[in-house]
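It should be emphasised that the depicted structure is a prediction, and the values quoted were computed from it without experimental measurement.
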Amino acid sequence: MKVHLIGIGGTGMGAVAGLLCAAGHDVRGSDTALYPPMSDQLAALGIPVFEGFGPANLDWGPDLVVVGNTHSKDHVEVTAARERGLTLTSFPAVLGEQLLADRHSIVVAGTHGKTTTTSLVAHILAEAGHDPGLFVGGVPIALGQGWLLGKGPEFVVEGDEYDTAYFDKGSKFLHYRPRTAILTSVELDHVDIFASFEAVKDAFKKFVVLLPEDGLLVACHESADALAVAGAARCRLQTYAVVDNGGEPPAGVTWTAHHLEYGKSGRVSFEVVGHGEARGRFETLLTGRHNVGNVLAAIAVAFDRGVQIEIIRRAVGSFAGVRRRQELRGIAGGVWVLDDYAHHPTAVRETLKGLRRRFPKRRIIAAYDPRSATSRRRTFQDEFVNAFAHADEVVVGKLYDPTKIPKEERFDAEKLALDLHRTGTKASYIPDIDALVKHVAGAAGAGDVVVALSSGSFEGFHDKLLAAIGDAVMPARRTDGDAVRALLDAVGLPPDDATDADLGHYFVLKNEHGVVGTVALEVLGEDAILRDLATAAAARGQGLGWILADVVVQWARYRGVRRIYLLTETASDFFAAKLGFRVVDRTTVSPDVAGTTTFQRSTDSKFVAMRLDL
């Protein structure tokens with residue numbers, strides 16, 4: 001089947017394009033502009049993308065035209081498709097009809113935590129050998145894309161309550177044919193399409209009613225409204241709750257997490273009780289109490305799908321998280337720059353509380369971009385004050401495209417900053433992005449954590465801030481590939497290691513001269529290999545090699561790595577003195593590390609093996 005997607009660059013549309021392509025369909029699409037990571041993913045799949053919208057984009061004669069929910073009936077390609085008699089549909093409908101009909105659909109729904117929980121459920125099932133399908137509105141870090149076709153029985157889907165298309169105002173998740181579902185929370189959101197909280201609850205009730213009698217709904221006991229919605233379901237019901245230290249578990253809850261401990265490595269460990277039995281201690285890299293709840297829900301579903309508890313435990317421990325969820329975007333001058341999608345006051349509050357737990361001795365600066373349909377409205381004006389009070393300093397940017405919001409309904413970004421200042425939190429309102437970047441670059445010092453909270457691009461804030469601070473180390477992008485390979489080649493390291501497909505292991509150091517250094521970190525669960533450290537000849541003697549190695553060690557610690565290995569011929573003294581590595585016998589190296597290409601091709605005795613315990 002020939003399928004054309006209008007707005008293919010969106011996260012959901014791009015993921016559907018990848019799934020349809022993997023299923024053997026001829027897929028093309030159009031959009032005004034593409035940005036990483038979706039631009040990279042579509043290019044890697046060889047999916048043609050028309051830049052800009054126009055009737056000519058349909059001249060290839062698609063059988064089906066998929067319309068994104070941001071496009072109206074008057075869109076130029078929608079109009080052209082109707083005039084040509086082409087079939088119009090939505091991506092949720094395509095997903096349900098073409099990809100979920102013969103699978104056990106596991107749908108994760110709720111106001112918060114959907115992307116992380118969906119990704120984790122799929123990760124556990126994959127680690128158990130179930131080969132699941134996946135559709136998620138984000139990018140799991142270890143996977144590098146938001147979709148998997150899979151050949152196993154399960155297909156894990158992030159279920160969004162937002163409307164489907166201009167011709168279908170029902171929620172997206174009504175198309176996903178759930179047999180198992182998670183309900184993380186039910187709160188007021190998407191006030192641009194829901195007239196009241198009652199309307200939100202009604203949408204979720206319509207969803208849970210879809211579960212068959214032999215299906216399963218796993219609902220958060222701590223969300224009273226989620227429990228109320230769950231009461232409409234006809235299927236089996238299991239509940240979960242996180243019990244604060246010293247507290248008692250609520251009566252009748254199926255799964256509980258208790259005795260939470262926050263380690264120096266950033267990992268959170270906790271005891272799990274399920275169906276009345278102790279299931280042992282679990283560890284996760286995910287930060288914050290709210291994420292322990294997300295993990296608990298995923299454990300419940302995986303257990304119900306027959307996955308052994310030990311496999312679940314290992315998979316939970318190895319899950320690296322999702323991009324744009326407390327994602328480390330770069331380190332410059334000792335300043336950590338994180339990216340997070342939070343734009344609802346509950347999400348902002350829990351994200352900042354989680355970061356406070358993870359970085360108890362560091363200053364946290366929050367930069368906020370009011371961009372989503374809900375955050376641009378005054379619905380949560382007061383709630384945002386309480387949410388942002390968990391940061392040490394807050395910088396509020398301008399309201400995105402305020403003309404789309406009636407004046408009397410608009411969120412007041414300047415008032416947020418004033419209210420925070422009055423209640424004791426240092427805060428500023430800076431509408432110009434360049435001035436905002438300059439302010440944060442001047443305010444942040446070594447050891448500080450800057451977290452950008454935005455549902456969009458924030459006008460490139462992250463990269464601009466890293467560049468303003470200088471000598472930034474960040475993950476390599478596809479556009480850095482040629483520079484990385486040239487650096488490796490110049491120092492006699494094999495450039496073929498840095499193929500476009502393998503660039504995910506590489507980091508680059510950038511300054512006003514471009515890419516002047518690179519290093520790779522190959523993560524293998526709790527172990528990692530540091531390799532391919534190279535700096536430009538013109539930049540040697542400036543300490544850039546040490547900066548690269550030091551930052552990558554910090555990055556590994558953030559990813560929950562416990563041991564870093566490397567092989568070196570001449571630099572053992574450098575790694576020992578500067579970073580604390582020690583020489584080890586190669587026979588003590590873990591089998592996973594010993595089996596890598598790096599160790600297999602460097603068996604000569606001139607190479608010294610070293611290890612750093614984190």
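Relative orientation of the F411 and F384 rings is perpendicular, given thresholds of 30° and 60° on the angle between their planes. Taking the six-membered ring where the residue is Trp, H123 and F319 present tilted rings, their angle falling between 30° and 60°. Ring pair H75/F53 is perpendicular by interplanar angle, where above 60° counts as perpendicular and below 30° as parallel. Aromatic ring pairs are classed by plane angle as parallel below 30°, tilted from 30° to 60° and perpendicular above 60°; the pair W255 and F303 is perpendicular. Taking the six-membered ring where the residue is Trp, H190 and F194 present tilted rings, their angle falling between 30° and 60°.
Judged purely by atom type and a 3.5 angstrom limit, T351 has no side-chain atom pairing as donor or acceptor with the backbone of V348. Using a distance-only test at 3.5 Å, with no hydrogens or angles considered, a donor-acceptor pair links the side chain of D160 to the main chain of Y162. Side-chain atoms of S105 come within 3.5 Å of backbone atoms of Y176 as a donor-acceptor pair (strictly under, hydrogens ignored). Of the possible donor and acceptor atoms, none in the side chain of D168 sits under 3.5 Å from a partner among the backbone N and O of T164. The main-chain N or O of E154 is found under 3.5 Å from a side-chain atom of R103 such that the two form a donor-acceptor pair. Judged by distance alone, the side chain of R324 and the main-chain N or O of G456 form a donor-acceptor pair under 3.5 Å. Listed for the Q41 side chain is a donor-acceptor partner under 3.5 Å among the backbone atoms of G144. S185 places a side-chain N or O within 3.5 Å of a backbone atom of H112 that can act as its donor or acceptor partner. Panel note: side chain D369, backbone R371; no donor-acceptor pair is recorded below 3.5 Å.
Atom CD of E383 is surrounded by more than 12 heavy atoms from other residues, nucleotides or ligands within 6.0 Å. Remark: D244 CG is packed, more than 12 non-hydrogen atoms of other residues, nucleotides or ligands lying under 6.0 Å away.
You'll find the side chain of V295 stays beyond 4.5 Å of the side chain of F282, heavy atoms only. The closest side-chain heavy-atom distance from R305 to I106 is below 4.5 Å. When side chains are defined from C-beta on, E283 does not count as touching V316, because their heavy atoms never get closer than 4.5 Å. Counting heavy atoms from C-beta outward, R179 and D214 have side chains that approach closer than 4.5 Å. Side-chain contact between V273 and V253 is absent, with no heavy atoms from C-beta onward closer than 4.5 Å. Within the 4.5 Å cutoff, no side-chain heavy atoms of W555 are placed close to those of V561. Residues F155 and L125 fail the side-chain proximity criterion, which asks for heavy atoms closer than 4.5 Å. V67 has its side chain out of reach of T89: every pair of non-hydrogen atoms, C-beta onward, lies at least 4.5 Å apart.
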- Message: I'd like to know whether V209 forms a side-chain contact (heavy atoms from CB on, under 4.5 Å) with K206, so could you lay out the CA-CA distance, the side-chain angles of the two residues, the decisive distance to 0.1 Å, and finally the verdict.
- Response: CA-CA 5 Å; V209 166; K206 290 177 183 177; 5.9 Å; no
- Message: Apply ring-ring contact (aromatic ring centres under 6.0 Å, His included) to residues H175 and F173 and explain how you reach the verdict.
- Response: CA-CA 5 Å; H175 291 274; F173 54 33; over 10 Å; no
- Item | side-chain hydrogen bond (donor to acceptor under 3.5 Å, both in side chains) evaluation trace for E161 with S171 | CA-CA 5 Å; E161 69 271 28; S171 296; over 6 Å; no
- Task: Start with the C-alpha distance between T116 and N294, add both sets of side-chain angles, then the distance that settles side-chain hydrogen bond (donor to acceptor under 3.5 Å, both in side chains), and finish with yes or no.
- Result: CA-CA 7 Å; T116 297; N294 294 334; 5.2 Å; no
- Stepwise, does the side-chain contact (heavy atoms from CB on, under 4.5 Å) test hold for R376 with Y400? CA-CA 7 Å; R376 285 184 291 158; Y400 174 76; 4.1 Å; yes
- Item | Full working for side-chain contact (heavy atoms from CB on, under 4.5 Å) between H130 and H104 | CA-CA 12 Å; H130 286 216; H104 183 104; over 6 Å; no
- Message: H344 vs F380, test: ring-ring contact (aromatic ring centres under 6.0 Å, His included). Steps then yes/no.
- Response: CA-CA 8 Å; H344 183 286; F380 296 119; 4.8 Å; yes
- Message: With side-chain contact (heavy atoms from CB on, under 4.5 Å) as the criterion, how do V218 and L183 come out once you've worked through the C-alpha distance, each side chain's angles and the decisive distance to 0.1 Å?
- Response: CA-CA 6 Å; V218 176; L183 189 56; over 6 Å; no
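A salt bridge links K201 with D225: the distance from a Lys NZ or Arg NE/NH1/NH2 to an Asp or Glu carboxylate oxygen falls below 4.0 Å. Between R236 and D304 a salt bridge is recorded (basic side-chain N to carboxylate O distance below 4.0 Å). Taking the charged nitrogens against the carboxylate oxygens, E127 and R314 have no contact shorter than 4.0 Å, which rules out a salt bridge. A salt bridge between D131 and K151 is absent, with no side-chain N of the basic residue lying under 4.0 Å from a carboxylate O of the acidic one. Note on K2 versus D63: no salt bridge recorded, every NZ/NE/NH1/NH2 to OD/OE distance being 4.0 Å or above. One finds a salt bridge joining E310 and R313 here, because a Lys/Arg side-chain nitrogen approaches an Asp/Glu carboxylate oxygen to under 4.0 Å. Between R356 and E350, none of the side-chain N atoms (NZ, or NE/NH1/NH2) sits under 4.0 Å from a carboxylate O, so this pair counts as no salt bridge. Salt bridge R279/E277: present, at least one basic N to carboxylate O contact under 4.0 Å. R289 and E222 are joined by a salt bridge, as a carboxylate oxygen and a charged side-chain nitrogen come within less than 4.0 angstrom of each other.
V49 and D31 make their closest contact through CG1-N, 4.5 Å (heavy atoms, listed as atom of the first residue, atom of the second, distance). Taking all atoms of both residues into account, the shortest heavy-atom contact from V27 to C21 is CG2-N, 3.7 Å. Across all their heavy atoms, V16 and V94 have their closest contact at CG1-CG1, 4.4 Å. Residue R234 comes nearest to P212 through the heavy atom pair NH2-CA, 3.7 Å, listed as atom of the first residue, atom of the second, then distance. The two residues L217 and A233 have their closest heavy-atom pair at CD2-CB, 4.0 Å. Minimum heavy-atom separation, H343 to S372: CD2-OG, 3.1 Å.
T111 and D189 share no side-chain donor-acceptor pair at under 3.5 Å. In this structure, a donor-acceptor pair under 3.5 Å is absent between the side chains of T596 and E522.
With rounding to the nearest 0.5 angstrom, the CG atom of L134 is 8.0 Å from the CG atom of L19. In this structure, CZ in R267 is found 10.5 Å from CG in L286, a value given to the nearest 0.5 Å. L5 contributes atom CG, which lies 12.5 Å from atom CG of N57 (distance to the nearest 0.5 angstrom). Within the model, atoms CD1 of I124 and CG of L120 stand 4.0 Å from one another, a figure rounded to the nearest 0.5 Å. Atom OG1 in T118 sits 7.0 Å away from atom CD1 in I182 (nearest 0.5 Å). Taken from CG in L99 to NE2 in H25, the straight-line distance is 6.5 Å, to the nearest 0.5 Å.
A cation-pi arrangement, defined by a distance under 6.0 Å to the six-membered ring centre and an angle within 45 degrees of its axis, is present between R358 and Y558. Geometric assessment of R357 against the ring of Y262 yields a positive cation-pi assignment under the 6.0 Å and 45° thresholds. In this structure, R28 is not positioned above the aromatic face of F50 in the sense of NZ or CZ being under 6.0 Å from the six-membered ring centre and within 45° of the axis.
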